[in-house]
Amino acid sequence: MYEAIVENYVNSLTPNDVYLFASKNNIILNDQEFDYVYKTIKNNYKFFLGKDYMLIFNEAKNFLRKENYDKILNLYLSYREKYQDIFK
């Protein structure tokens, strides 16, 4: 059930949505980082819902500055804990 809700949300996600969310969380992405984050969310969101989410974060180290990587990982982990019923 939750997966369908998340899938619908991700399918309707716009670049502006990602930009605004990042900005609200004090994450300032350069153009390359932004492209990487947006494409990763759109194409790999199922990894974020499962147990193998660190595969994505390990790859992200190659595309994000350390400060942004740390902020995004910490934000993700806080949401993962808060909404643990959604995550498998």
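The shown structure was predicted, so the numbers you read here are calculated from the model rather than taken from an experiment.
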### Message
Do Tyr76 and Arg80 pair up side chain to side chain, a donor and an acceptor below 3.5 Å, judged on atom types alone?
### Response
yes
### Task
Answer yes or no: is there a side-chain heavy-atom contact under 4.5 Å between Phe57 and Ile72?
yes
### Query
Within a reach of under 6.0 Å around OH of Tyr53, are more than 12 heavy atoms found that belong to other residues, nucleotides or ligands?
yes
### Query
In Å and rounded to the nearest 0.5 Å, what is the OH to CG distance from Tyr45 to Leu13?
12.0 Å
### Task
Please step through side-chain contact (heavy atoms from CB on, under 4.5 Å) for the pair Val6 and Lys46, ending with a clear verdict.
CA-CA 9 Å; Val6 172; Lys46 289 182 181 182; over 6 Å; no
### Task
Would you check if Glu67 and Ile27 make a side-chain contact, meaning some heavy-atom pair closer than 4.5 Å?
no
### Query
Between Phe21 and Asn25, which heavy-atom pair has the shortest distance, and what is it?
O-ND2, 2.8 Å
### Message
For a side-chain contact (heavy atoms from CB on, under 4.5 Å) check, start with the C-alpha distance between Leu73 and Asp70, then their side-chain angles and the critical distance, and finish with the verdict.
### Response
CA-CA 5 Å; Leu73 178 59; Asp70 291 343; 5.7 Å; no
### Query
Hey, what do you get for NZ (Lys71) to NZ (Lys66), rounding to the nearest 0.5 Å?
12.0 Å
#### Entry: Exam field: side chain Asn68 to backbone Leu64, donor-acceptor pair closer than 3.5 Å
no
#### Entry: Carboxylate-amine/guanidinium proximity below 4.0 Å for Asp35 and Lys39
no
#### Entry: Distance in Å, Arg65 CZ paired with Gln32 CD, rounded so as to fall on 0.5 Å steps
9.5 Å
### Task
Starting from the C-alpha separation in whole Å, work towards a yes-or-no answer on side-chain contact (heavy atoms from CB on, under 4.5 Å) for Val10 and Lys42.
CA-CA 6 Å; Val10 170; Lys42 293 292 273 189; 4.2 Å; yes
### Query
Does a side chain donor of either Glu33 or Tyr38 reach within less than 3.5 Å of an acceptor in the other side chain?
no
### Query
Counting only heavy atoms not in Tyr9, do more than 12 sit closer than 6.0 Å to its OH atom?
no
### Task
Could you tell me the separation between the OH atom of Tyr36 and the CG atom of Asn30, rounded to the nearest 0.5 Å?
13.5 Å
### Task
Kindly give the heavy-atom pair with the smallest separation between Phe47 and Asp52, and that separation in Å.
CD2-O, 3.9 Å
### Task
Measure the shortest side-chain to side-chain distance between Lys24 and Tyr19 over non-hydrogen atoms and say whether it is less than 4.5 angstrom.
no
### Query
Leu20 and Ile28: same hydrophobic cluster, using ILVMFWY side-chain contacts below 4.5 Å?
no
#### Entry: Any donor-acceptor N/O pair, Asp17 side chain to Thr14 backbone, under 3.5 Å
yes
